[in-house]
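These notes are about the structure you will find just below.
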Amino acid sequence: MARRCARPDCAAAGATTLIFDYGHAIVWLEQLTEELDPMNHDLCDRHADSLSVPRGWQLRDRRAVPAVALFGSSIAS
Ligand SMILES: [Zn+2]
């Protein structure tokens with residue numbers, strides 16, 4: 001089943017998983033997780049990038065996987 005952005009007005013595919021740590025008031029942005037936990041939400045890149053968190057919460061972006069890490073090494077070696 002395709003995973004879609006959780007925003008009701010958005011039909012884009014989910015690209016990022018949003019994880020709430022209520023105990024520490026932290027919102028994590030992760031690479032799309034393999035299994036969607038019912039507590040989490042998927043967002044498309046556009047909505048993940050424009051995400052704002054409630055006052056007093058921290059936003060931690062852990063999506064950072066540089067493209068060079070994926071394509072920088074030679075597959076012919
Ligand atoms: Zn979206």
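We count ligands from 1, going down the list as the structure has it; atoms in each ligand are counted the same way.
Around the Zn ion (ligand 1), the protein contributes the following N, O or S atoms under 2.8 Å, ordered by chain and number: Cys5 SG, Cys10 SG, Cys44 SG, His47 ND1.
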Only distances under 3.5 Å count here; give the side-chain donor-acceptor pairs of residues 12-20 to other protein atoms, sequence neighbours excluded, each with its distance to 0.1 Å.
residue: Thr17; atom: OG1; partner: Thr33; partner atom: N; Å: 3.0
residue: Thr17; atom: OG1; partner: Thr33; partner atom: OG1; Å: 3.3
residue: Thr17; atom: OG1; partner: Asp42; partner atom: OD1; Å: 3.1

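Taking all atoms of both residues into account, the shortest heavy-atom contact from His47 to Cys5 is ND1-SG, 3.4 Å.
Residue pairs that meet the side chain to side chain donor-acceptor pair (under 3.5 Å) test with at least one member in residues 50-59, sequence neighbours left out, are Gln58-Arg60.
Contacts of Asp61 classified as salt bridge (charged side-chain N to carboxylate O under 4.0 Å, His left out), with partners at least two apart in sequence or in another chain: Arg63.
With values rounded to the nearest 0.5 angstrom, Arg7 atom CZ is found 10.0 Å from His41 atom NE2.
Between Asp21 and Val27, the closest side-chain pair of non-hydrogen atoms is not below 4.5 Å.
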